[in-house]
Amino acid sequence: MSWKKFLTSFTFFKHLALALIIIIVFVVLVMQWLGYATNHGEEIPVPNLGKMSVEKAEEKLNDIDLEIHLLDTVDFRADFPPYSIVEQDPLPGVTVKDGRKVYVKVNSGGYSQVTVPDLIQKTYRQSLSTLRALGLDEGNIKYVPYMAKDVVLEMKQNGKPLKAGDKVLKASKIDLVLGDGKTGYVEETTTDSIPAKEQTTESNAE
């Protein structure tokens, strides 16, 4: 049989159809295997882990085939429980493949201590900037007679005097005693002093 007759014969088309079926079945099986191996088309929404303990968050993620990875401990935030999760990446609601790591940051157990700065004879504005930079808050302000206005004369906490170098908890309120700027220098005069003109008059009379 010539090639021309074979290519137009029923036998050729039967083998061609069988080969196409085999190829299609093979491609379908490969695609199914790849989908199973890579979870193609299956994504998991990341849950909200905020305010959870690391242990509870780990259990929750394990149940949906995700992993937790602790990055760091951050400064204490009063709006979150101690040692609870305050930040996560990916964010809640983002869809990811299973086995993905969720990175978290955990709240500290409480406020850390900071050193009280030396604010005496500093201006109120300077002192306020220094306090905020250290994570401290402004407390009550009291004015007392003093020649320089808004100059810090004393530092207190809960009525107790503070000095530079003392330790207080971060976010503490520091009370400041400031000068009111209403007191100036007053020259001292003596009641027994005699004006120069009077002294000259008395000398001439003698």
Side-chain angles (χ1 to χ4, degrees), residues 16-119 125-140 155-158 160 162-176:
L16 180 61
L18 182 61
L20 289 174
I21 291 172
I22 292 174
I23 292 173
I24 291 171
V25 171
F26 176 75
V27 170
V28 170
L29 291 175
V30 169
M31 293 297 293
Q32 288 181 344
W33 179 82
L34 288 175
Y36 173 79
T38 63
N39 288 313
H40 181 68
E42 181 181 353
E43 294 186 330
I44 304 168
V46 177
N48 186 358
L49 306 178
K51 298 187 177 181
M52 289 186 186
S53 66
V54 175
E55 294 76 15
K56 185 176 180 180
E58 186 173 16
E59 291 178 4
K60 190 176 185 69
L61 292 180
N62 286 340
D63 290 341
I64 54 176
D65 297 324
L66 297 178
E67 299 180 23
I68 192 170
H69 183 79
L70 178 60
L71 284 178
D72 197 6
T73 300
V74 301
D75 288 340
F76 183 70
R77 291 172 56 177
D79 52 335
F80 284 84
Y83 306 113
S84 66
I85 294 174
V86 297
E87 295 180 25
Q88 68 177 84
D89 181 30
L91 296 173
V94 175
T95 54
V96 296
K97 299 287 184 65
D98 72 337
R100 170 71 184 269
K101 288 183 178 180
V102 179
Y103 299 91
V104 299
K105 292 184 179 181
V106 176
N107 200 17
S108 298
Y111 289 113
S112 58
Q113 287 193 328
V114 295
T115 303
V116 175
D118 185 5
L119 303 180
R125 180 177 294 182
Q126 290 174 326
S127 301
L128 195 58
S129 298
T130 302
L131 290 176
R132 289 175 177 172
L134 293 172
L136 299 173
D137 294 328
E138 172 191 3
N140 296 323
M155 302 179 292
K156 295 182 179 182
Q157 184 185 34
N158 299 323
K160 296 181 179 179
L162 290 174
K163 62 180 184 299
D166 288 345
K167 299 290 186 180
V168 296
L169 293 177
K170 203 168 188 179
S172 295
K173 291 184 179 296
I174 306 300
D175 302 330
L176 299 176

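If you read the sequence from its start, that first residue is 1, and numbering goes on from there. Values below: every heavy atom of this structure, side chains too, minus hydrogens, waters and symmetry copies. Quantities reported herein were computed from a predicted structural model and do not represent experimental measurements.
In this structure the side chain of V102 never reaches within 4.5 angstrom of the side chain of V96, judged on heavy atoms. The shortest side-chain heavy-atom distance between K101 and I68 does not fall under the 4.5 Å cut-off. Residues Q88 and N48 meet the side-chain proximity criterion, which asks for heavy atoms closer than 4.5 Å. Annotation: side chain of R100 is in contact with side chain of P90 (closest heavy-atom distance under 4.5 Å). Between V168 and V114, the closest side-chain pair of non-hydrogen atoms falls below 4.5 Å. The side-chain heavy atoms of F76 and P82, taken from C-beta on, include a pair separated by under 4.5 Å. Using a 4.5 Å cut-off on side-chain heavy atoms (C-beta onward), K167 and T115 make contact. Using a 4.5 Å cut-off on side-chain heavy atoms (C-beta onward), H69 and L71 make contact.
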Self-check item: Test side-chain contact (heavy atoms from CB on, under 4.5 Å) applied to L169 and Q113, step by step
Solution: CA-CA 4 Å; L169 293 177; Q113 287 193 328; 3.8 Å; yes
Exercise. Could you walk me through whether L49 and L61 pass side-chain contact (heavy atoms from CB on, under 4.5 Å), step by step?
Key: CA-CA 9 Å; L49 306 178; L61 292 180; 4.0 Å; yes
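Taken from CG in L131 to OG in S172, the straight-line distance is 10.5 Å, to the nearest 0.5 Å. Here the straight-line distance linking atom CG of L134 with atom CD1 of I174 works out to 9.5 Å at 0.5 Å rounding. Atom CG in L66 sits 4.5 Å away from atom CD1 in I44 (nearest 0.5 Å). To the nearest 0.5 Å, atom CE of residue M52 and atom CD of residue E58 are 13.0 Å apart. Between the CD1 atom in I85 and the NZ atom in K105 there is a gap of 13.0 Å [rounded to 0.5 Å].
Nearest heavy-atom pair, T73 versus S108, reported as atom, atom and distance to 0.1 Å: CG2-OG, 3.4 Å. Summarising the geometry of V86 relative to R77, their closest heavy-atom pair is CB-NH1, 4.0 Å, with the distance given to 0.1 Å. Scanning all heavy atoms of the two residues, the minimum distance from A78 to Y111 falls at CB-OH, 3.5 Å.
The backbone N or O of S84 lies less than 3.5 Å from no partner atom in the side chain of N107, so there is not a single donor-acceptor pair. Remark: side-chain polar atoms of D175 are paired, donor with acceptor, to backbone N or O of N140 under 3.5 angstrom.
Residues D166 and K163 are paired through a salt bridge, judged by an N-O separation under 4.0 Å between the basic side chain and the carboxylate.
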